Amino acid sequence: MSALPQVAARHDDIALVLLGTGVVGSALLRLLGTPSALGVRLVGVANSTRQHADAQGFAAEASTRLLGDVSPRRDDDALLAALDASGAARRVIVDATASADTACRHAAWLAAGYDVVTANKAASAGTATTWSALRNVNLRGVATYGDAATVGAGLPVLSTLRRLHGCGDRLIALEGVFSGSLSWLFNHYDGSRPFSALLREARAWGYCEPDPRADLGGLDAARKLVILARAAGHAIELDDVAVENLVPGPLVDVDVDAFLARIEELDAPLEARRADAAARGFVLRHIGSLDSDGRASIGLVEVSAQHPAARLDGTDNLFALTTQRYRARPLVIQGPGAGPEVTAQALLGDVLALRGLRSAV
Ligand SMILES: NC(=O)c1ccc[n+]([C@@H]2O[C@H](COP(=O)([O-])OP(=O)(O)OC[C@H]3O[C@@H](n4cnc5c(N)ncnc54)[C@H](OP(=O)(O)O)[C@@H]3O)[C@@H](O)[C@H]2O)c1
């Protein structure tokens with residue numbers, strides 16, 4: 001991790017390394033090529049095996065070509081060296097992977113003065129040890145942690161919760177739909193098409209996690225609930241969340257390809273539940289909730305047609321916050337909670353928010 005600048009200092013700008021060029025990373029690369037990202041210099045890009053680094057910067061559109069077979073193999077040090085050599089006022093690592101290994105390094109990167117902006121939930125929803133390390137280094141203010149993309153794909157829910165908590169308001173209850181993919185799936189699941197057909201379509205739209213069992217098993221929504229609970233002042237862990245797994249037992253441990261080849265096995269049990277609920281005038285929605293004692297749960301709930309969650313559209317997320325000061329009626333945040341464009345925009349928003357902050361180095 002060299003600190004020797006090889007190019008003239010340009011204190012008006014932000015040097016950026018992007019980890020992950022999948023659905024979200026590619027959308028961010030498209031945004032980095034627009035005038036909104038003026039002053040953001042892309043100095044490194046990486047997928048799981050290859051990378052390209054250049055402290056002088058390169059065009060975002062060239063990334064796919066630069067990550068070809070002859071590009072260097074993955075090596076964090078070369079990417080960090082490009083950030084160090086950039087001379088930029090802020091050195092930012094954007095994590096658009098779902099990698100636990102990458103998330104493990106967030107705290108160390110912050111401690112070393114690199115700002116971290118992430119769509120990857122594995123650190124802030126991680127174990128108490130991982131989260132404490134992150135929080136302690138964040139509190140020291142060495143660098144900034146941007147996590148808006150981790151919940152609601154950038155809907156202003158984490159910032160709102162932190163602001164309320166910071167003002168001494170106390171969360172009494174949080175209820176909502178935290179998974180964009182499960183929202184889309186159950187908003188469309190009316191019995192006219194098998195659930196598996198909807199799941200294939202949701203994957204094609206880029207709404208699902210790389211392994212859809214992270215959505216269906218409730219893990220992705222549970223991680224969001226942990227991040228939300230922690231933002232509201234509850235030191236809960238993933239194991240504290242009561243999670244309903246929608247994946248049938250025989251499909252839980254098979255590899256991703258085998259799971260995708262057998263997703264029709266989801267259809268019968270879910271159709272039985274849907275038809276049963278419909279016969280009594282209810283619909284199924286994937287709902288998460290947190291109470292004032294930090295008790296958290298996620299799973300399929302039957303709701304009436306009048307329930308706010310029954311009236312969602314597309315990949316909408318819903319966050320209803322009942323607090324001491326929003327007691328008579330909850331503060332409600334609702335909107336698209338998945339999709340590459342909005343998630344990438346949340347990442348860029350956190351990057352651009354670094355402008356005007358004092359130098360992290
Ligand atoms: N899709 C959404 O709507 C959405 C919304 C909010 C948050 N997110 C989060 O955003 C993250 C990315 O999601 P995605 O849908 O873009 O996933 P994806 O399409 O599977 O892309 C993941 C990318 O990460 C790369 N990668 C894995 N390990 C890496 C490493 N150690 N170093 C560098 N790159 C690495 C992969 O490389 P290879 O190409 O070589 O495999 C791939 O390019 C996830 O954490 C997800 O939870 C997604």
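Any value given below was found using the heavy atoms of this structure, including those in side chains, with hydrogens, waters and symmetry copies removed. As the structure is a prediction and not an experimental result, all values here were calculated from the model. In listed order, ligands and their atoms are each counted from 1.
Ligand 1 lies under 4.0 Å from heavy atoms of G20, T21, G22, V23, V24, A46, N47, S48, R74, A96, T97, A98, S99, T102, A119, N120, K121, A149, G206, E209, P210, A338, G339, T343.
Side-chain contact check for S63 versus T21: every heavy-atom pair is 4.5 Å or farther apart.
Heavy atoms from other residues, nucleotides or ligands lying under 6.0 Å from CZ of R273 number more than 12.
For N187, the side-chain contact (heavy atoms from CB on, under 4.5 Å) partners at least two apart in sequence or on another chain are S183, R285, L312.
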* Given R30 and E61, is the side chain to side chain contact (heavy atoms under 4.5 Å, CB included) satisfied, shown in steps? -> CA-CA 7 Å; R30 288 193 290 280; E61 309 86 70; over 6 Å; no

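Remark: of the listed residues V116, I93, D76, T97, T97 is the sole one forming a side-chain contact (heavy atoms from CB on, under 4.5 Å) with T102.
Cation-pi geometry between R203 and W205 is not satisfied (NZ or CZ under 6.0 Å from the ring centre, within 45° of the ring normal).
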